[in-house]
Amino acid sequence: MRTMTRALLLGVACLMVIGLLKVNLGGQGRGGREQTAAPGSQKEELSETYRGSQRDNVEYQKIPPFKVFDDLYYVGPGFVSVWLVPTTQGLILIDTAQEPYVDHVIDSIKKVGFDPKDINYILITHAHLDHHGGAARIQELSGARVAMLEADWQFLEQTPANPNRPAPRVPKRDMVLKEGDTLKLGNTAMKFSWMPGHTPGSLSIEFDVHEGGKSYKAFTFGGPGPRGGVQGGQQFVESANRVAKIQGIQVAVSVHSWLSSYPFPNGGLLERAQTLAQRKPGDPNPFVDSASWNLWVKQVQEGALKNLEEEKQKAAKRPS
Ligand SMILES: [Zn+2]
């Protein structure tokens, strides 16, 4: 058993070194130009600046939108992702950010050349305000269907408003997704999974993205960090294990540029966006990175187990 663990650890260490080498090589550039984000860093140094002290700095958060693949654009503020998926029959939006960033999201969609009125579906990865807070407004202007898993519609409907803040606009129950549902719009197909643990109805999405005639397997893990005590922790362990079983994921379509519970190895979204912006013809797309994905999933699985143990200990200490 011990030999196996050691072999596994060695394997992980090797993968990490390979990951570091790969990003360092990719980051050198042919003109000797250096990147501002530390290449090969295990942290999400740039992405991290969008939380913490800058979390409420509205102007700082308004980052320019960027194209990642032919059919995937980032149109969110810096701290929370909003993904635009253009299809041959209209647009799909994954998450919406929240006020006061919804105008920025709408402007960003226009800036990358699309009409927000053409949005057919708004998919909400989980019913936390930073992800769904713009859905009602974007639905109004587009007539799009707002889709969530049943458990998160319930969770949203039962979440009490913060008495110290003006009540935010929340979407009204619309399209209810179920485990295993698929969505086809034009040339795009998505497969949905119910992966609770962050919220009761966190939604994961499998779909393909394209560039230069090539197809890559993309995945959105809708609630990539445990919440909700022992029950949430247990669900999260199961969700993490399910994610680990999905073969061949090449592109992480993350719900935040940074992932506070488990940082994404070799750079978060915004570090990769910088590398992408400096890419020379023939260079690989830095978002295609199954090695970092596999490292990340391992980290999530281990973290999920550790979190569950801690939650159990906390619960045991609590007077009944
Ligand atoms: Zn959340």
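In each ligand, atom 1 is the first atom listed, and ligand 1 is the first ligand listed.
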* Verify, without hydrogens or angle tests, whether Asp181 (side chain) and Lys178 (backbone) share a donor-acceptor contact under 3.5 angstrom. =>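 Here the side-chain-to-backbone pair exists.
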* To do: May I have the step-by-step check of salt bridge (charged side-chain N to carboxylate O under 4.0 Å, His left out) for Glu99 and Arg165, ending in yes or no?
  => CA-CA 13 Å; Glu99 296 292 3; Arg165 294 210 185 151; over 6 Å; no
* So, Gln313 versus Glu309: side-chain donor-acceptor pair below 3.5 Å or not? ->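 There is no such pair (donor and acceptor under 3.5 Å, judged by atom type) between the side chains of Gln313 and Glu309.
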* Decide whether Gln278 and Gln274 meet the rule of one side-chain donor and one side-chain acceptor closer than 3.5 Å. =>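 Per modelled atom types, Gln278 and Gln274 side chains form no pair under 3.5 Å.
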* At a cut-off of 2.8 Å, list the protein N/O/S atoms near the Zn ion (ligand 1), residue plus atom name. =>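 His126 NE2, His128 ND1, His198 NE2, with waters left out.
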* Asked: With sequence neighbours excluded, what pairs up with Lys111 under the salt bridge (Lys or Arg N to Asp or Glu O under 4.0 Å) test?
  ->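 Checked Lys111 against salt bridge (Lys or Arg N to Asp or Glu O under 4.0 Å); zero matches.
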* Among Leu123, Leu177, Val85, Leu183, find the residue that satisfies the side chain to side chain contact (heavy atoms under 4.5 Å, CB included) test when tested with Ile205. =>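 Of the listed options, the one satisfying the test is Leu123.
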